[in-house]
Amino acid sequence: MRHFLSEIRLHGLRGINDLKIPLEYPVSVIAGGNASGKSTVLFAAACAYKVPGAGPRDYVPSTLFPSYHPKQGTRHDDRPEITIEYEYETEAGHLSMRWRRAKGWSRSFFGRKSARQPERIIYLRTLSNLSNPSEVRGVLRMSHLKTLPREESLTAAQIDFAQRLLPFQYSEIVKLSGGGGGQTLLFAANKNGASYSELHMAAGERAILRLAREIAQLENALVLIDEVEAGLHPQVQELLMVHLQQLALRNDLQIIVTSHSPVVLDSVPRRARIFLERDEWGNVAVCPQYRDLIQNALYGRSGEALNILCEDEAAEAILNGIVDMLSYEQKIQRDAVCIGRDTGAQEFPVHAAAFKKFGLIENFVFVLDGDQRGNRENMTEKIREAGRSRLIPVLFLPGDHAPEYWVWNCLTAAPDSWAPYLGSDGDHLKKTLNQLNALFDRASDTPSQIAKHKMHNLAENLRQDASSICRTVAKEESKNKSSDIQPLVKQLEDLVLAWRAD
C-alpha cells in the first residue's frame with residue numbers, strides 16, 4: 001500500500017497507559033469487553049492524518065477527546081500528560097508523529113525538521129451517527145421544499161456493495177438531496193414493487209446502504225467503523241467483512257473496525273485481530289496472539305515451469321481457460337504452466353526487474369488487460385527495459401476494456417448457447433442478463449467497472465463465482481476459430497510449444 005498506519009501508542013488517555021496497537025493487515029478488528037478502550041483507539045486513529053478539506057477543529061484530539069474540569073475538581077496544572085504516537089509506512093519511508101497534551105494539544109515529529117502531518121482521507125462512522133436524530137429531522141424538512149430535490153443515481157460500485165450484502169434485489173437506488181443544509185435521503189425500490197425511503201428501512205439495511213454510498217468509491221483512505229456488526233445478521237456480517245477486505249485491497253484502503261461479534265473476528269486472519277483487556281487496576285493491554293498448533297507447510301515451486309503474470313482474478317481465469325484447452329490439445333502437463341495475478345499493470349516493470357535480478361525472467365510472460373491496449377508501446381517498453389530484455393513476451397487480453405467486459409459481451413451475444421455451460425437454461429440466463437443491464441444502465445462509472453459488477457451479480461444469481469464463469473467462457477471461445485480471443489490463443493500456444501521444446 002502507498003500509505004499505511006502501522007502502529008498507535010497511547011499513554012495517559014482515558015486511563016490507558018502504555019498501550020501499543022500494532023496494525024499489520026489492511027482490515028483490522030479491535031475486540032474486547034465494554035469499556036476496554038476500543039472506541040478510544042478508533043478515535044485516536046482518526047487523529048493520525050490531516051484530512052484534505054477538513055476544518056481546523058476536525059480530526060484533532062481536542063475535538064475527539066474533549067475535557068471538562070469542574071470548578072471544584074482537579075486544577076488545570078494537575079492534569080496528567082497525554083500522548084498519542086503514530087508510526088507510518090509511506091512511499092517516502094518511515095514516519096513518526098506524536099500528539100501531546102500538556103496545557104494544550106501540540107504535535108511533534110521527534111526532531112525531524114520540516115516534517116508535516118501526513119494527509120489522507122478519513123471516514124469515521126460510529127453507532128451514534130447511524131441514526132442521528134438531527135440527521136433525521138434535516139431529512140424530513142426536505143418534504144417541505146418548494147423545489148424538487150436533486151436526484152443522483154448510485155454508481156455501479158455502490159449498488160454492487162449493497163446488492164452483495166442484502167437479500168433484496170433492487171430495481172433502483174437513488175440519493176435525493178436538497179434544502180441547502182447538506183441533507184440527503186436514500187430511496188430504494190425492489191423488484192417486488194415495494195418502494196421506500198431509508199426512514200422506513202430496518203437498521204441493518206440502512207447501515208449497509210449508507211456504507212455503500214459513503215465508502216464504496218473511496219481510494220487511499222483510512223476507514224474507521226465503530227461496532228461494524230450493529231443491526232446486521234451474522235451472515236451479512238461475514239459477507240460485509242469479506243467485501244471490506246476485497247475493497248481494501250482494490251482501493252488502497254486501510255480499514256479498522258471495532259466489534260463484539262465472533263463472526264466478524266473469524267472473518268479476518270489471526271494477525272488482524274486485536275483483543276483489548278482492562279485489568280483489575282484499570283489499565284488496558286493487548287492480549288497476546290498465540291499461534292495455531294499446526295502451521296501451514298511451506299511449499300517450494302519448481303523453476304521448470306512457464307509463468308504467466310496477469311493483472312487480476314478475471315484475467316487469471318481467462319488465461320486458465322485458454323491453457324485448459326491448450327493442455328488438452330497439445331498434451332501439455334497442466335501444472336507445467338503457472339498463472340498468477342498482481343494488483344495492476346503499473347507494477348509489472350517492478351516485477352520484471354526482480355525476475356531479472358534472480359535469473360527468472362526467461363520463464364515469464366506478461367499479459368495485460370485489453371484496456372491497456374491503447375498504451376501498448378509504452379507499457380511493453382517499460383516492462384522490457386526493467387527486465388533488460390527485448391524478448392520478454394508482453395501480450396494482451398481481447399477487447400479494449402476489462403476482461404469482464406469481454407466475457408459479458410460473449411454471454412449477451414448468445415445466451416442460449418452459453419446457458420448449458422453455466423448450468424442454466426436460455427430463458428433464465430437471458431432474463432438475468434437483461435435485468436442486470438437494466439439495473440446498471442444508469443451507473444455513472446466506466447464500462448469496465450460496470451461490467452465487473454454485472455459479472456459478480458450474475459455469478460451470485462447462478463450460484464457460481466465470477467472466475468469460474470470467465471474460465472468457462474475463455475475455454476470454449478478458445479475452440480471457436482472466429483472468436484477475437486484467437487490471436488491471444490495462438491500467441492500462448494506458440495510460447496508454450498517453444499518453451500517445451502527449449
Side-chain angles (χ1 to χ4, degrees), residues 1-10 13 19-30 38-65 83-101 105-110 112-126 129 155 157-158 161 182 210-226 228 241 243-258 268 272 274 343-344 346-347 445:
M1 289 186 169
R2 293 181 308 220
H3 202 116
F4 200 82
L5 177 62
S6 59
E7 187 177 280
I8 304 173
R9 294 192 295 272
L10 307 179
L13 184 62
L19 176 64
K20 183 170 74 171
I21 305 292
L23 302 168
E24 303 177 358
Y25 194 71
V27 179
S28 301
V29 178
I30 302 175
K38 300 186 299 296
S39 297
T40 300
V41 173
L42 202 71
F43 276 53
C47 302
Y49 295 96
K50 180 180 179 182
V51 180
R57 295 184 61 81
D58 296 329
Y59 303 103
V60 293
S62 58
T63 299
L64 292 174
F65 299 105
T83 59
I84 310 173
E85 297 181 7
Y86 306 95
E87 303 293 333
Y88 312 84
E89 302 301 328
T90 74
E91 289 179 313
H94 183 80
L95 178 66
S96 301
M97 192 195 84
R98 176 174 61 202
W99 281 104
R100 177 176 175 269
R101 192 199 73 180
W105 286 96
S106 62
R107 285 171 294 193
S108 77
F109 298 92
F110 300 95
R112 290 169 59 102
K113 294 183 179 180
S114 303
R116 295 182 179 180
Q117 186 176 14
E119 291 193 10
R120 201 178 193 191
I121 297 169
I122 291 181
Y123 171 86
L124 175 62
R125 192 59 143 169
T126 64
N129 60 19
T155 67
Q158 293 167 329
F161 188 110
R210 281 275 167 173
L211 277 177
R213 183 174 71 84
E214 292 165 1
I215 73 171
Q217 295 190 130
L218 285 179
E219 293 185 1
N220 189 26
L222 176 63
V223 175
L224 308 169
I225 306 173
D226 197 21
V228 68
M241 292 306 298
H243 194 56
L244 287 179
Q245 290 172 84
Q246 294 171 341
L247 195 65
L249 295 175
R250 186 166 65 241
N251 289 3
D252 200 19
L253 303 178
Q254 183 174 2
I255 302 175
I256 305 173
V257 305
T258 69
V268 296
I274 301 164
T343 54
Q346 301 306 317
E347 300 297 322
D445 31 15

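Worth knowing before you read on, the calculation uses all heavy atoms, side chains too, and leaves out hydrogens, waters and symmetry mates.
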- Message: Please tell me whether Tyr49 and Tyr88 form a close aromatic pair, meaning their ring centres lie under 6.0 Å apart.
- Response: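 Yes, close enough.
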
- Message: Looking only at the side chains, is there a donor atom on one of Glu89 and His3 sitting less than 3.5 Å from an acceptor on the other?
- Response: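 There is no such pair (donor and acceptor under 3.5 Å, judged by atom type) between the side chains of Glu89 and His3.
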
With heavy-atom distances below 4.5 Å as the criterion, would you say the side chains of [X] and [Y] are in contact?
X	Y	result
Tyr123	Leu211	yes
Leu218	Asn251	no
Arg125	Ile215	no
Phe65	Ile84	yes
Thr90	Pro118	no
Tyr59	Lys50	no

Gap separating the [atom1] atom of [X] from the [atom2] atom of [Y], nearest 0.5 angstrom:
X	Y	atom1	atom2	result
Asp252	Phe4	CG	CZ	10.0 Å
Ile122	Cys47	CD1	SG	7.5 Å
Phe109	Arg116	CZ	CZ	9.5 Å
Met97	Leu5	CE	CG	9.5 Å
Gln254	Ser28	CD	OG	6.5 Å
Thr40	Leu10	OG1	CG	8.0 Å

- Name of the residue among Arg100, Arg9, Lys20 meeting side-chain contact (heavy atoms from CB on, under 4.5 Å) with Glu85: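 By the side-chain contact (heavy atoms from CB on, under 4.5 Å) criterion, Glu85 pairs with just one of Arg100, Arg9, Lys20: Arg9.
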
- Message: Against Leu224, only a single residue in Thr258, Val257, Ile255, Ile256 fulfils side-chain contact (heavy atoms from CB on, under 4.5 Å); can you say which?
- Response: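 Between Leu224 and the candidates, side-chain contact (heavy atoms from CB on, under 4.5 Å) is satisfied uniquely by Ile256.
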
For [X] and [Y], indicate whether the former's side chain and the latter's backbone hold a donor-acceptor pair under 3.5 Å.
X	Y	value
Trp99	Pro61	no
Thr63	Asp58	no
Tyr86	Ala44	yes

Which atom names give the shortest non-hydrogen contact between [X] and [Y], and what distance separates them?
X	Y	value
Leu247	Ala216	CD1-O, 3.7 Å
Ile8	Val41	CD1-O, 4.3 Å
Pro22	Ile274	O-CD1, 3.5 Å
Leu253	Asn220	CD2-N, 3.9 Å
Ile30	Lys38	O-CD, 3.6 Å
Ile121	Pro52	N-CD, 4.1 Å

